[in-house]
Structure formats: structure tokens, C-alpha cells
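First the proteins, then the strands, lettered A, B, ... as listed; each starts at 1.
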Amino acid sequence: MTTPTVDRPAAYRRTHHCNELRLDHSGATVTLAGWVNSYRDHGTGLVFIDLRDREGLTQVVFDKADASDELLSAADKLRSEDVIAVSGTVRKRDGGPNPKLATGEVEVVASTLSVLNKAKTPPFQPSETEGLPNEELRLKYRYLDLRRPKMQKILRTRHRVTKLARDYFDENGFIEVETPILCKSTPEGARDFLVPSRLTPGEWYALPQSPQLFKQILMVSGADRYLQIAKCFRDEDLRADRQPEFTQIDLEMSFVTREDVIEVMEGFVRRLWGDVLGYEVPTVQRMTYREAMDDYGIDRPDLRYDLKLHDISDLAAKTDFKVFTGALGKERGVVKVICVPGGAEKLTRKITDGYSEWVKTFGAGGVPTTKVGVDGSLEAGIGKFIDSIAKDLVERVGAKPGDQLFFGADTYATCSKALGELRQKIARDMGMIDESKWAFVWVEDFPMFEYDEETKRFYAMHHPFTAPNPDQVEAFLAADPGDRETIEGIVSAGYDIVCNGSEIGGGSIRIHDSRVQTKVFELLGISPQEAKEKFSFLMDALQFGAPPHGGIAFGLDRLVMHLAGTDNIRDVIAFPKTQTGADVMSDAPSAVDETQLAELFVKNLPVPTK
RNA sequence: GGGGCGGUAGCUCAAUUGGUUAGAGUCCCGGACUGUCGAUCCGGUGGUUGCGGGUUCGAGUCCCGUCCGCCUCGCCA
């Protein structure tokens with residue numbers, strides 16, 4: 001830490017920070033400044049202070065043998081979180097070292113004390129390492145919470161990640177460009193945050209859900225390789241890993257294929273994990289979306305453990321078990337199974353009943369189960385209904401005596417979702433997850449479109465600018481919009497990178513051909529007029545010489561969560577929002593003055609009372 | 001919009017089946033103490049049990065509503 005020493009009162013002209021002094025400094029005269037982390041007052045005559053700054057702790061001692069009565073009585077009054085500066089001499093501790101502190105061999109014998117700012121008694125002590133107060137209080141007094149070493153460490157990790165991003169991508173020819181925060185609202189995707197325009201009453205800006213369109217335009221502009229640490233805004237409900245404003249490490253590259261993007265990004269991930277955690281990321285394996293859904297029931301599989309889903313629809317069809325045959329009678333009906341090694345003993349009836357209830361939240365009817373007996377037969381649960389296929393089933397999934405089987409029987413989508421979620425829950429419950437492991441995987445070959453039964457239309461699975469895989473372009477352009485099967489079979493040039501079951505980045509090769517873009521809009525039910533109105537700038541740009549291009553965006557918050565070892569996104573954001581989108585420290589959002597609204601020609605509607 | 005959990009002293013928590021004056025640790029205040037490092041010891045202050053109703057002789061406890069926080073489904077890439 002370098003601090004200018006000119007034009008500052010001598011009292012807090014620091015010579016060292018609080019994690020710096022060692023035995024080598026013995027005899028030196030030093031000045032430290034910081035917060036009173038704790039005090040140990042032995043009465044008139046001897047007072048110990050642990051002084052804290054960003055870097056660490058140093059013990060300061062006020063001793064009658066070396067200090068005036070005035071100094072001692074001042075030290076006597078010190079309390080937690082007072083801001084002080086101390087000058088004195090470094091010496092080896094009289095009372096023996098404290099192995100818990102990096103500076104534990106020494107202490108500073110105070111000769112002067114300046115109380116720079118007396119603190120009110122804080123509602124909680126940043127020095128407490130256990131028994132944290134509830135999160136709402138931490139958020140309300142965020143400045144106290146952030147003083148905690150653990151939070152300081154996370155802030156640093158986050159800084160390190162953005163610094164590494166800038167360094168790494170700079171080395172690889174990327175330039176950082178800022179894109180607007182006040183943007184045009186576009187259809188598709190999440191709900192926009194809107195900002196009224198004072199200069200053109202009745203019109204609105206939208207905050208960007210991502211810099212997607214601008215970064216593509218930058219490619220058309222010849223930027224070639226673009227990087228931005230970009231704030232993004234989505235007005236949707238929050239989750240443990242989702243905030244309404246979040247940050248992406250956003251990138252785009254020209255004249256590249258999917259392989260080029262993956263190579264550069266993998267290098268970034270390797271640099272991050274290597275520099276921050278000292279972990280060497282091996283070549284990241286690849287998996288198609290189809291494989292991910294078939295084997296893991298989710299498009300972001302956690303590969304730290306196995307526990308795959310097996311399709312046994314063909315076997316299930318041979319039974320008279322109505323749950324199975326009923327499901328197979330549905331459109332795209334399947335029967336799948338998870339085999340839990342040793343589950344028969346560990347998973348009690350109470351637990352398996354709980355699973356059955358739990359999967360209902362994902363739309364499944366329940367989760368039939370049975371266990372494998374010592375002779376390989378199926379015992380208990382639904383065993384007796386599917387006895388006829390027991391042998392083939394056990395062989396198919398490689399089940400052993402003592403294993404527990406969980407079945408899903410429903411449409412492919414519902415069955416995958418329910419068993420995919422159950423797979424993760426069982427792994428957690430049975431302690432099958434090796435927390436020291438890092439399992440990365442690229443998921444690729446996503447379908448371009450998903451059909452929604454309710455609205456009877458297609459939606460872009462990624463976003464509407466994702467290109468079809470190169471080998472699919474002709475088939476795509478030729479496809480009949482009414483031919484659902486063909487359309488759903490078109491695979492995109494998109495890719496997601498997944499770490500331990502969480503999506504940390506996603507991107508695609510973009511459409512640079514306006515014929516393809518027009519066709520995508522047609523399929524999404526965006527009329528040529530609407531496309532022109534909403535996206536004409538992009539459509540125009542694509543016609544003025546757009547290079548082939550593609551990119552990716554990493555979720556910075558999620559990256560830092562992994563690197564910091566937390567599962568709470570609020571921990572990695574200095575000033576996060578609660579689940580209702582509130583900042584409890586500053587009390588945003590809040591009502592505004594009527595005159596402010598009038599100036600914007602905006603009026604509040606009455607909120608319906610429930 | 002739906003489901004679940006929680007809200008008791010500044011903080012972390014306890015309070016039996018609905019039962020007397022709602023307790024403990026910590027913080028804070030006062031006192032003692034020269035080698036602590038979660039200092040120790042003695043004493044003390046501190047409560048609208050989130051809020052509003054209801055049931056009851058009696059409610060922190062039961063019921064209804066509401067607010068706030070967390071988790072989650074839908075939503076979101």
C-alpha cells in the first residue's frame with residue numbers, strides 16, 4: 001500500500017499497514033492507522049488494542065512503564081471501531097507470540113495516540129468471526145459488514161478477476177469499449193427496466209439486458225476483438241444466484257469459428273483458476289445439449305459425480321405398470337431411471353417419500369422407486385409391478401445389490417427436469433459431491449428454437465442473433481416455418497461453459513447474413529415491420545459488410561462466487577439488493593417527488609390493494 | 001403470482017401442553033486487575049416478543065390478516 005505523505009497531518013502519516021510488521025522491524029519507530037478491532041483493558045496501567053486495516057491486524061500496547069497517564073487514560077476509553085492512529089516502537093512481544101496473527105511476533109508500543117474518529121457502538125462487531133447477524137442487518141450496515149476480513153477478501157478476489165480479464169484479453173488483442181446504459185427496448189428475453197425520456201415525453205429508454213447488439217455492431221465497425229466489464233439489467237425475480245443488476249465479462253471476436261472462441265475462453269478460465277486458486281484447469285470436455293439432457297436431465301450438468309439418467313422406455317413398454325404405460329402414451333413420453341449406489345440402506349422410506357413430494361414442484365407426478373435385492377431382484381416399492389423386466393433393467397443401468405432406483409415417467413421435458421433436479425438433490429443428500437473438485441464442461445449444439453405449447457410459437461433458446469451451426473444454414477433457410485420437427489432439429493452455433501453445475505458463461509457465433517436473420521425473425525413471429533422498428537440498426541449494419549463474428553459473456557458474479565467459495569451472490573457484490581429488489585442501506589427504490597414525475601410526464605397509477 | 005422457513009434485549013439465541021415477574025451469552029455502562037490476544041473477575045442498564053386484529057380467565061406460544069428477510073416453482077440465459 002503506497003500512501004502519499006505530503007500535505008497530511010503527521011498524526012496519520014502511515015509508515016506501515018497493519019499486516020506488515022515482523023521481528024525484523026524491532027526497534028523501528030512506526031505509525032499505523034486503522035480501526036480498533038478489539039481491546040483488552042487490564043485497568044490503569046496496561047491496555048492492548050488490536051488495530052485493523054484492510055491488510056490485517058497488529059497489536060498495539062499502552063504500558064504505564066512507557067507511557068504517560070494522559071496517554072493511558074485515552075487508551076482506556078477506546079472502543080470497537082474507533083478510528084485511530086498510533087505511533088510507537090516495534091518490539092518483540094513480552095507475553096509470547098500469537099500464532100493466529102501474521103504480525104503475532106511483534107507489538108507496537110504506543111507513544112502517541114490520535115483518535116481520528118470516535119465510533120458509535122456498532123450494531124454488530126466486524127471482528128466477530130462466528131455468529132454473524134442476520135443478512136438484512138449486514139446489508140443495512142453494509143459498510144460494517146464489508147470491514148470483515150472475509151468480505152474484504154472477496155472484494156479483492158473480484159478485483160483480481162476483472163484485472164486478470166483485462167490483462168488476459170489485452171494480451172490477446174481485445175480492446176475495451178463502453179456501450180450505452182440508456183438503450184432501446186427490444187422484444188424477446190427478460191423484462192426491461194425502463195427510464196422515461198424527459199426530452200421526448202412519452203418515450204422510454206431501456207437499461208441493457210446485455211450489450212449484445214452493440215458488441216455485434218462493434219464487429220461491423222471493425223473493432224475485431226472487443227471486451228467490456230459490463231453492467232446488465234433484467235427486471236425478473238431474484239434468486240440466490242441472481243440479482244437484477246449484475247456484471248458480465250462481455251466479449252466478441254471477428255473472423256472466428258466456434259473453436260476459436262472456445263480456445264480463447266478456455267485460456268481465460270485456465271488463467272483465472274490458475275492465478276486465483278493455483279488450480280490447473282485441464283482441457284475442458286465437450287458435450288452436446290442432447291447428451292446433457294439425456295444423461296443428466298439439465299443443460300448445465302454437474303460432472304463432479306456420475307449418477308446418470310438411463311432411458312428405459314423400451315423396457316417400460318413391456319410392463320403393465322400403468323404409471324409407465326401411461327407416460328409412454330403421451331407425446332414424447334419417456335421412462336427414465338437413476339440408480340443410486342448403496343441407496344437402499346442410506347435412503348430411508350421417509351427420505352424417498354420426501355423425494356416424491358419434492359419432484360412434484362417440477363411438474364412430475366412423483367418418483368416411483370424400488371431397490372435391488374441381494375439376488376438382483378427388485379424389492380419393495382414398485383418392484384412387483386415391473387418384475388418382468390427386472391433382469392434387463394438391472395443389467396441396463398448396471399445396478400448392484402443394495403442400490404436404489406428412482407423412476408421418472410412423463411414427457412421428455414418433465415421427466416428430464418424432475419430427475420435432473422432429483423439427481424442433484426440425491427448427490428447433495430448422500431454427500432456424493434467432492435467439494436474440492438472442479439468439473440468444467442462445454443455444452444454445445446443447442447437447438448435454435450424451443451416451441452412453447454401455451455403461446456403456440458417458437459422462442460429463441462439463446463437469443464435471436466445466434467447463428468445456426470454452419471452445416472445447418474442451408475437446411476434452416478429452406479425450412480418451412482410450419483414444420484415444427486425440422487425447425488426444432490436445427491442446431492445453433494452456441495456454447496455454454498459450465499462449472500460444477502452452474503453456467504458461468506455462454507455465447508455463440510452470430511448471424512452475419514441478413515437472410516438468415518430475417519428468417520429467424522420470421523420464425524419468432526417478429527414481422528418485417530417490427531424487426532425494422534426494433535432492430536433496424538442491426539439489420540442495416542449486417543448489410544454493410546459484417547464480418548463473421550461470435551463471442552461469449554461470462555457471469556462475473558458467478559465466477560467470483562466459485563473462486564470465493566460462496567453460494568450467495570450477495571456476498572460477491574459490494575452493495576447488493578434483497579429479493580424484492582431493495583437496497584436496504586440506501587432505501588432504494590423509493591417514492592419520488594410529484595414534480596419530478598410531472599417533468600417526465602409520468603403518473604403513478606394506484607396500486608391495487610390485495 | 002404460488003409453495004416453504006424465519007422475525008423474542010443493540011447482536012446471537014432460549015422460553016415444556018397456552019400459565020406466575022420473558023431468560024442466557026455477548027455488546028454497552030460502572031468497578032477490580034501489568035502480559036493479554038474470545039483477557040479475566042464483580043455489579044448494573046437494556047424488551048411494543050415485526051405490525052394489526054381475534055380466540056381465551058390468561059397468548060412469545062393458537063387462529064386470521066399484513067410487513068420484512070431468506071430458500072424455491074413459475075419467470076430469467
Q. Nearest-Å distance, CD1 (A:Ile569) to C1' (B:rA77)?
A. 13 Å

Q | Contact state string [nucleotides 25-33 of chain B, B base, S sugar-phosphate only, - no protein heavy atom under 4.0 Å] | A | --SSS---B

(Q) Does A:Lys417 reach a base, just sugar-phosphate, or nothing at all? Heavy atoms under 4.0 Å. (A) sugar-phosphate

Q. Looking at A:Glu105 and A:Lys92, does any basic side-chain N land under 4.0 Å from a carboxylate oxygen?
A. no

Q: Compare the minimum distances between each of B:rC68, B:rG35, B:rA77 and the side chain of A:Glu107, then state the nucleotide with the smallest one.
A: B:rG35

Q. Taking 4.0 angstrom as the limit, do A:Arg300 and A:Asp496 come out as a salt bridge?
A. no

Q | B:rG69 - base-pair partner by Watson-Crick or wobble geometry, distances under 3.5 Å | A | B:rC5

Q: Output yes when A:Glu81 and A:Arg147 qualify as a salt bridge under the 4.0 Å nitrogen-oxygen rule, no when they do not.
A: yes

Q | Rounded distance in Å between the C1' positions of B:rC70 and B:rU34 | A | 48 Å

Q. Looking at RNA chain B, which of residues 572-586 of chain A put a heavy atom within less than 4.0 Å of it?
A. A:Thr578, A:Gln579, A:Thr580

Q. Is any NZ, NE, NH1 or NH2 atom of the basic residue among A:Lys417 and A:Glu421 found under 4.0 Å from an Asp or Glu carboxylate oxygen of the other?
A. yes

Q. Does A:Arg242 come within less than 4.0 Å of A:Asp237, counting only side-chain N to carboxylate O?
A. no

Q: Using the P atom on both, measure B:rC42 against B:rG6 and round to a whole Å.
A: 37 Å

Q) Just one of A:Arg286, A:Arg290, A:Arg258 clears the salt bridge (charged side-chain N to carboxylate O under 4.0 Å, His left out) bar with A:Asp445, so which one? A) A:Arg258

Q) Within this structure, what is the CZ-to-P distance between A:Arg91 and B:rU36, rounded to whole angstrom? A) 14 Å

(Q) Give me the distance, rounded to whole Å, that separates B:rG47 from B:rU12 when you measure between the C1' atoms they each carry. (A) 16 Å

**Q.** Any strand: nucleotide that pairs with B:rG43 via Watson-Crick or wobble, under 3.5 Å
**A.** B:rC29

Q | Between B:rA39 (C1') and A:Phe48 (CZ): distance, integer Å | A | 9 Å

Q: Answer with base, sugar-phosphate or nothing: what part of the nucleic acid does A:Lys100 contact at a heavy-atom distance below 4.0 Å?
A: sugar-phosphate

Q | CG on A:Leu51 to OH on A:Tyr39, rounded to 0.5 Å | A | 15.5 Å

(Q) Given 3.5 Å as the limit, does a donor-acceptor pair link the side chain of A:Arg54 with the main chain of A:His17, or not? (A) no

Q) In terms of side-chain heavy atoms, does A:Asp583 have a donor or acceptor partner in A:Ser586 at a distance below 3.5 Å? A) yes

**Q.** Spacing of A:Ile249 atom CD1 and A:Leu556 atom CG [to the nearest 0.5 Å]
**A.** 5.0 Å

Q: Would you kindly give the CZ-to-P distance between A:Arg40 and B:rC41, to the nearest whole Å?
A: 16 Å

Please set out all donor-acceptor pairs under 3.5 angstrom arising from side-chain atoms of residues 62-73 of chain A, sequence neighbours excluded.
unit_1  : atom_1 : unit_2  : atom_2 : d
A:Asp63 : OD1    : A:Ala65 : N      : 2.9
A:Ser68 : OG     : A:Leu71 : N      : 3.1
A:Ser73 : OG     : A:Glu70 : O      : 3.2

Q.
More than 12 heavy atoms of other residues, nucleotides or ligands under 6.0 Å from NZ of A:Lys153: yes or no?
A. no

Q) B:rG1 P sits how many Å from A:Arg191 CZ, rounded? A) 11 Å

(Q) Nearest whole Å is fine: how far is B:rG38 C1' from A:Asn98 CG? (A) 11 Å

(Q) Below 4.0 angstrom, which residues in residues 228-253 of chain A have at least one non-hydrogen atom near RNA chain B? (A) A:Arg234, A:Glu236, A:Asp237, A:Arg239, A:Ala240, A:Arg242

Q. Under 4.0 angstrom, heavy atoms only, what part of the nucleic acid is A:Gly506 near: base, sugar-phosphate, or nothing?
A. nothing

Q: Would you please name every residue forming a ring-ring contact (aromatic ring centres under 6.0 Å, His included) with A:Phe48, sequence neighbours left out?
A: A:His42

Q) Heavy-atom contacts under 4.0 Å between residues 284-302 of chain A and RNA chain B, which residues? A) A:Asp299

Q: Could you tell me whether the phosphate oxygens of B:rU12, OP1 or OP2, come under 4.0 Å of any side-chain nitrogen or oxygen in A:Asn134?
A: yes

Q | Salt-bridge present (A:Glu488, A:Arg332; N to O < 4.0 Å) | A | yes

(Q) Using a 4.0 Å heavy-atom cut-off, does A:Gly96 contact any base of the nucleic acid, only the sugar-phosphate backbone, or nothing at all? (A) base

Q: Would you classify A:Gln59 as touching base, sugar-phosphate or nothing, given that sugar-phosphate means primed atoms plus P, OP1 and OP2, and contacts are heavy atoms under 4.0 Å?
A: base

**Q.** A:Lys231 bridged to A:Glu245 by N-O distance under 4.0 Å
**A.** yes

Q: Answer with base, sugar-phosphate or nothing: what part of the nucleic acid does A:Leu137 contact at a heavy-atom distance below 4.0 Å?
A: sugar-phosphate

Q: May I ask which nucleotide in the shown strands pairs with B:rG23, Watson-Crick or G-U wobble, both distances under 3.5 Å?
A: B:rC13

Q.
What is the separation between atom CG on A:Leu144 and atom P on B:rG10, rounded to the nearest whole Å?
A. 17 Å

Q | Rounded interatomic separation in angstrom, taking CZ from A:Phe362 and P from B:rG74 | A | 7 Å

Q.
Regarding A:Gln248 and A:Ser210, do their side chains bring together a donor and an acceptor under 3.5 Å, going by distance alone?
A. no

